[in-house]
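A quick write-up on the structure given underneath.
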Amino acid sequence: MDFSVKKLASDAGVFFSRAVQFTQENLGQAEKTELDAHFENLLTRADNTKNWTEKILRQTEVLLQPSPSARVEEFLYEKLDRKIPSRVTTAELLGQYMTEAANDFGPSTPYGQTLIKVGETQKHLGTAERDFIHSSSINFLTPLRNFLEGDWKTISKERRILQNRRLDLDACKARLKKAKAAEAKAAAEHELRVAQTEFDRQAEVTRLLLEGISSTHVNHLRCLHEFAEAQATYFAQSYQYMVDLQKQLGRFPAPVVGNTDPASPPLSTSPPPATLPVLQVASSNPGEVPLNPVEVPPPVSGTRKARVLYDYEAADSKELSLSADELITVYSLPGLDPDWLIGERGNKKGKVPVTYLELLS
């Protein structure tokens, strides 16, 4: 019991001495041992690494899971060391609703068929998103968390110890300056040597940990490459799914404009944009046969350049076959279906679907 009281009194004395030294330093009434410039640079780099890692981690979590409540739920499961339940992505849920709606409206109707196709694509997009989130969580978020919860806590602990050793060292220096008697000076010099040794030892330990930040950067660089690769794969898959969907939708009939009056004759339907184009030039003579627009010369102005997005096989001699990434000249003609343009490539000319083009100028 007596030993415990003495130790408690000793610890209280050390704490009080450090508090006095710290206060006097802030008031400019005591000298402070300064660390060398290299050590200060290591401290600054470590602080910057910690701050930016926290920001990148938090924003990546928002990117992967925009819902705040879902992020809180995942955080609680992680802290309780329990498996996070599988969650349906928004795209998968949308695809499910579209499929159910198609079954309700009739899967054989044009609307039902389109709902099924778009719904299947949404499910594929949701699966790709799920794979991206899973890969990013393991290969990117986990290493960042491990640094903040492991290495950084160790560095922070050793820095606090170093701060205390420095305060002890400077307090010993102050006592030595105030000592008058020879015996007091001798005791103060001994305390100073001990404090200097402990400070130097702790400074070396902290320096080694701070220099390890370079290895942290190398590890995070590798993780960043894996994150970018996973994101690129996700976007490439999503793009391909949408390209395939666009091609599938091009084979479906265009919507029918219904007539609610049963006594009226049914209205004619618009042809599919990529298969059965209506392509005519208006004539002032109602009895005149419409001209083939491919045979009509191009307008003096109004031509544009366009880049072909996908390959297209001409359905007949009036259409122009296309190859992805090639550049062609396009223009419109009076009476031309708005979903089509006239395309020219060299001495070849024909109708081309607008959905397969990116207009450049």
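Here the straight-line distance linking atom CG of Leu125 with atom CD of Gln122 works out to 5.0 Å at 0.5 Å rounding. Atom NE2 of His38 is separated from atom CG of Leu43 by 10.0 Å, given to the nearest 0.5 angstrom. Between Gln113 atom CD and Leu249 atom CG the span is 11.0 Å, to the nearest 0.5 Å. Taking CD of Gln196 as the start and SG of Cys172 as the end, the distance is 10.0 Å to the nearest 0.5 Å. One finds the CZ atom of Phe140 at 10.0 Å from the CD atom of Gln231 (value rounded to the nearest 0.5 Å). Here Arg207 contributes atom CZ and Leu42 contributes atom CG; the two are 7.0 Å apart, rounded to the nearest 0.5 Å.
By the 6.0 Å contact criterion, CD on Glu183 is open, its count of non-hydrogen atoms from other residues, nucleotides or ligands being 12 or less. By the 6.0 Å contact criterion, NE2 on His217 is enclosed, its count of non-hydrogen atoms from other residues, nucleotides or ligands being greater than 12.
Salt-bridge formation is detected for the pair Glu226/Arg222: a Lys NZ or Arg NE/NH1/NH2 atom is positioned less than 4.0 Å from an Asp or Glu carboxylate oxygen. Under the 4.0 Å criterion applied to side-chain N and carboxylate O atoms, Arg45 and Glu40 are not assigned as salt-bridge partners.
Counting heavy atoms from C-beta on, the side chains of Gln246 and Met242 never come closer than 4.5 Å. When side chains are defined from C-beta on, Thr114 does not count as touching Gln248, because their heavy atoms never get closer than 4.5 Å. Within the 4.5 Å cutoff, side-chain heavy atoms of Leu169 are placed close to those of Leu192. Side-chain contact between Lys117 and Leu245 is present, with at least one heavy-atom pair separated by less than 4.5 Å. Put simply, the side chain of Glu344 reaches to within 4.5 Å of the side chain of Tyr331, judged on heavy atoms. With contacts defined as side-chain heavy-atom distances shorter than 4.5 Å, the pair Ile133/Ser137 qualifies. The closest side-chain heavy-atom distance from His124 to Gln240 is not below 4.5 Å. The shortest side-chain heavy-atom distance between Leu141 and Thr60 falls under the 4.5 Å cut-off.
Classified by interplanar angle (parallel below 30°, tilted 30° to 60°, perpendicular above 60°), the ring pair Phe147/His220 is perpendicular. Ring geometry for Tyr356 against Tyr312 counts as perpendicular: the plane angle is over 60°, on a 0 to 90° scale with 30° as the lower cut.
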Where do Glu92 and Arg130 land on the salt bridge (charged side-chain N to carboxylate O under 4.0 Å, His left out) test, with the steps shown first? CA-CA 10 Å; Glu92 289 175 314; Arg130 184 195 300 275; 2.5 Å; yes
Would you please test Ser323 and Asp311 for side-chain hydrogen bond (donor to acceptor under 3.5 Å, both in side chains) and show each step? CA-CA 4 Å; Ser323 299; Asp311 294 340; 4.7 Å; no
Intermediate values then yes/no, side chain to side chain contact (heavy atoms under 4.5 Å, CB included), Ser136 and Leu64: CA-CA 8 Å; Ser136 299; Leu64 299 180; 3.8 Å; yes
Given side chain to side chain contact (heavy atoms under 4.5 Å, CB included), test Arg159 with Asp47 step by step and report yes or no. CA-CA 12 Å; Arg159 287 177 66 175; Asp47 289 334; 2.7 Å; yes
List the steps, then state whether salt bridge (charged side-chain N to carboxylate O under 4.0 Å, His left out) holds for Lys50 with Glu54. CA-CA 6 Å; Lys50 180 256 185 182; Glu54 282 183 333; 3.5 Å; yes
Any chance you could lay out the side chain to side chain contact (heavy atoms under 4.5 Å, CB included) test for Asp325 and Leu309, step after step, and finish with the verdict? CA-CA 6 Å; Asp325 294 328; Leu309 299 177; over 6 Å; no
Evaluate the salt bridge (charged side-chain N to carboxylate O under 4.0 Å, His left out) criterion for residues Arg58 and Glu61: first the C-alpha distance (whole Å), next the side-chain angles of each, then the deciding distance (0.1 Å), finally the verdict. CA-CA 5 Å; Arg58 299 294 173 254; Glu61 290 176 336; 3.7 Å; yes
Check the pair Thr206, Leu210 against side chain to side chain contact (heavy atoms under 4.5 Å, CB included), reporting the backbone distance first and the verdict last. CA-CA 6 Å; Thr206 308; Leu210 293 174; 4.0 Å; yes
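Gln202 pairs in a side-chain hydrogen bond (donor to acceptor under 3.5 Å, both in side chains) with only one of the listed residues (Arg166, Glu158, Arg165), which is Glu158.
Taking every heavy atom of both residues into account, Ala128 and Tyr241 meet most closely at CB-CE1, 4.3 Å. Among all heavy-atom pairs drawn from Pro338 and Val354, the shortest one is O-CG2, 3.8 Å. Residues Ala46 and Ile213 come closest through the heavy atom pair CB-CG1, 4.1 Å. Of all heavy-atom pairs between Gly343 and Val352, the closest is N-CG2, 4.0 Å. Heavy atoms only, all atoms of each residue included: Ser321 and Ala314 are closest at OG-N, 3.1 Å.
For Glu204 (side chain) and Arg201 (main-chain N/O), no donor-acceptor pair under 3.5 Å exists by modelled atom type. No donor-acceptor pair under 3.5 Å is formed between the side chain of Asp168 and the backbone N or O of Ala195. With Asn103 contributing its side chain and Thr99 its backbone, the two residues share a donor-acceptor pair below 3.5 Å.
Clustering ILVMFWY residues whenever any of their side-chain heavy atoms sit less than 4.5 angstrom apart, transitively, puts Phe227 in a cluster other than the one holding Val62. Hydrophobic clustering (ILVMFWY, side-chain heavy atoms < 4.5 Å, transitive): Ile138 and Phe132 are in distinct clusters. Note on Leu35: it does not cluster hydrophobically with Leu167, by side-chain heavy-atom contacts below 4.5 Å among ILVMFWY residues. Under the 4.5 Å side-chain heavy-atom criterion for ILVMFWY residues, a single connected hydrophobic cluster contains both Met98 and Phe105. Tracing side-chain contacts under 4.5 Å through hydrophobic residues (I, L, V, M, F, W, Y), one never reaches Ile116 starting from Val118; they form parts of separate clusters.
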